[in-house]
Amino acid sequence: MVSPPHEAMHRIFQHDPGLFSRVSRFLGVDIPTPVKATALPTDLTEANPVERRVDTLLRLETADQGPYLLAVEAQGKKYPDKPASWAYYTAYLWTKYRLPTALLVVCQDHATAKWAQQPVSCGPPQLPTLTVQPLVAGPHNMPVITDPEEARADLVLASLAAITHAAEPDVDAILKALSTALRDAPEDVAKPLVEFTAQGLAKRPAKNLWRNLVAVDLSFYKSYLAEEVRDEVRAAVRDEVRNEVRDEVRGEVRDEARAESRAEDILLILEQRGLDISEDVRSRITHCTDPELLRHWLARAVTVPKAEEVFEDA
């Protein structure tokens, strides 16, 4: 069964085909920026009933070096038979399209990346005949982008950085930089990157941080991830909170209702994080009607070690 990280690791190159040329500098090669890109069929099956599919296949055209094919494979673990499949893919594509063919393998752990980049030959040692040695992008060579300005300069690369470092300690800082950078991006730019990043993180611990960051920093647009966070948190504590805010929400103007909803989100995030919420803290949050102050508290609620500290620097 295809996993969400598997899909994110190769589909992001379909979303932005120029990403490969920007990634290549971290892989020790210089690939020119394409002037045109075309997604090609990924089915490499021949007449015999052996189904073979590459994850993503793109035809990229450059101004100076002409067109070439890029096959992108997402690899989640070591698989002894995979190099033979990669050899088939590249040979088949070269034969069918008569174009130079590049193979990029994207990984999320060091062991798999080290295994994938080893050259494998199909012939005996003295007659290698055909050798496969793909370019490999993974936590060992993808940049650790923790500066929001650097993330803002290339949002897609920052998303790939988060995906490839999903199991690394640096991923939290990468996610915070990416969410900050996405605040200024149009919805049609931010939304697919939010979803690619969420897919790439899958069930890893960093997924919870990303969900909270999306709910706080990117709540200005509708995302299934942001809505999912709110729905799950509210469902977990709805019996405790609903009665407190129901009467106030009725009959209030839209701005007041929005303020109450944001106050509810603050309490719910604190509750979800397992922090003790005193009656004084709860009262101060629920009685606040200043949208900007509530937004500041909401942002702090994601990281403060104690509920009382949400009010600091206000």
Side-chain angles (χ1 to χ4, degrees), residues 2-44 52-63 65-76 82 85-86 89-90 92-94 96-97 99-109 112-113 116-117 132-143 145 151 153-166 174 178 181-182 185 188-202:
V2 176
S3 66
H6 181 279
E7 291 296 282
M9 284 191 286
H10 72 87
R11 287 181 61 85
I12 195 169
F13 289 89
Q14 296 180 28
H15 175 73
D16 182 358
L19 178 62
F20 178 55
S21 65
R22 306 198 298 278
V23 165
S24 69
R25 70 178 185 271
F26 300 103
L27 311 183
V29 294
D30 184 15
I31 303 296
T33 302
V35 295
K36 181 180 179 181
T38 305
L40 300 177
T42 59
D43 191 345
L44 308 185
R52 298 181 186 271
R53 293 180 184 272
V54 68
D55 289 333
T56 282
L57 180 60
L58 300 170
R59 174 190 168 111
L60 303 178
E61 299 185 21
T62 64
Q65 299 182 17
Y68 69 97
L69 301 182
L70 172 63
V72 183
E73 283 280 284
Q75 194 67 30
K82 202 62 179 182
S85 297
W86 294 338
Y89 297 163
T90 52
Y92 176 87
L93 292 169
W94 183 24
K96 179 177 180 178
Y97 292 100
L99 289 174
T101 302
L103 174 63
L104 174 67
V105 177
V106 184
C107 306
Q108 290 182 297
D109 67 273
T112 302
Q117 64 187 5
V132 178
Q133 186 174 15
L135 289 171
V136 178
H140 65 298
N141 57 11
M142 285 294 92
I145 301 176
D154 194 333
L155 292 170
V156 182
L157 179 62
S159 178
L160 180 64
I163 292 170
T164 52
H165 289 89
I174 298 174
L178 178 57
L182 286 173
D188 60 341
V189 173
K191 187 170 184 178
L193 296 181
V194 168
E195 314 307 352
F196 277 131
T197 305
Q199 278 189 313
L201 297 173

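Counting from 1, the numbers follow the sequence of the chain as shown. We use all heavy atoms of the structure for the numbers below, so side chains are in, but hydrogens, waters and symmetry mates are not.
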task = Identify the heavy atoms of Ala39 and Leu58 that sit nearest to each other, and give their distance.
result = CA-CD2, 3.9 Å
query = Are the side chains of Leu40 and Tyr97 in touch, meaning some heavy atoms are under 4.5 Å apart?
reply = yes
request  = Take Leu155 and Val189, measure what side chain to side chain contact (heavy atoms under 4.5 Å, CB included) needs, and give me the verdict at the end.
outcome  = CA-CA 9 Å; Leu155 292 170; Val189 173; 3.9 Å; yes
request  = Could you tell me whether the side chain of Leu103 reaches within less than 4.5 Å of the side chain of Glu73, counting heavy atoms only?
outcome  = yes
query = Without hydrogens or angle criteria, can the side chains of Thr90 and Thr101 be said to hold a donor-acceptor pair below 3.5 Å?
reply = no
request  = State the CD1-OG distance between Ile31 and Ser21, to the nearest 0.5 angstrom.
outcome  = 8.5 Å
query = What pair of heavy atoms forms the shortest contact from Ala71 to Leu93, and how long is it?
reply = CB-CD1, 4.3 Å
ask   = Do you know which two heavy atoms are closest between Val136 and Asn141, and how far apart they sit?
value = O-ND2, 2.8 Å
task = Can you measure from OG (Ser85) to CZ (Arg53) and round to the nearest 0.5 angstrom?
result = 14.0 Å
key: For Thr164, all residues meeting side chain to side chain donor-acceptor pair (under 3.5 Å), sequence neighbours excluded   = none
ask   = Tell me, do Leu135 and Val105 make a side-chain contact under 4.5 Å, heavy atoms counted?
value = no
remark   = Hits for salt bridge (Lys or Arg N to Asp or Glu O under 4.0 Å) against Arg22, two or more places apart or cross-chain, chain-then-number order -> Asp16, Asp154
request  = Evaluate side chain to side chain contact (heavy atoms under 4.5 Å, CB included) for Met142 paired with Val23, printing each intermediate quantity in order.
outcome  = CA-CA 8 Å; Met142 285 294 92; Val23 165; 3.5 Å; yes
request  = Quick one: pull up OG in Ser3 and CE in Met9 and give me the separation to the nearest 0.5 Å.
outcome  = 6.5 Å
inquiry  = Quick check: closest heavy atoms across Ala151 and Ile145, and the distance to 0.1 Å?
reply    = N-CG2, 3.6 Å
task = Name all residues meeting the salt bridge (Lys or Arg N to Asp or Glu O under 4.0 Å) criterion together with Arg11; count only those two or more places apart in sequence or in a different chain, and write none if there are none.
result = none
task = Check whether any side-chain N or O of Gln108 sits under 3.5 Å from a backbone N or O of Ile163 as a donor-acceptor pair, and report yes or no.
result = yes
task = Take the angle between the ring planes of Phe13 and Phe20 and call it parallel below 30°, perpendicular above 60°, tilted in between.
result = perpendicular
key: Considering all heavy atoms, the nearest Phe26-Pro143 contact   = CZ-CG, 3.6 Å
request  = Walk me through it: do Val72 and Val106 pass the test side chain to side chain contact (heavy atoms under 4.5 Å, CB included)?
outcome  = CA-CA 7 Å; Val72 183; Val106 184; 4.1 Å; yes
note = Rounded to the nearest 0.5 angstrom, the OH-CG distance for Tyr68 and Leu60 is 4.5 Å
key: Result of checking His15, His10, Glu7 against Thr56 for side-chain contact (heavy atoms from CB on, under 4.5 Å)   = His10
task = Working to the nearest 0.5 Å, report the span between CD of Gln117 and OG1 of Thr112.
result = 11.5 Å
key: Residue pair Leu70 / Leu104, side-chain heavy-atom distance below 4.5 Å   = yes
query = In Å, rounded to the nearest 0.5 Å, how long is the span from CG of Leu19 to CG of Leu160?
reply = 5.5 Å
message = Determine whether Asp30 and Arg25 satisfy the following criterion, side chain to side chain contact (heavy atoms under 4.5 Å, CB included), listing intermediate values before the conclusion.
response = CA-CA 6 Å; Asp30 184 15; Arg25 70 178 185 271; over 6 Å; no
ask   = Which atoms form the tightest heavy-atom contact between Pro34 and Pro17, and what is the distance?
value = CG-O, 4.4 Å
ask   = Are Ile12 and Ser159 side-chain neighbours, meaning at least one heavy-atom pair lies under 4.5 Å?
value = yes
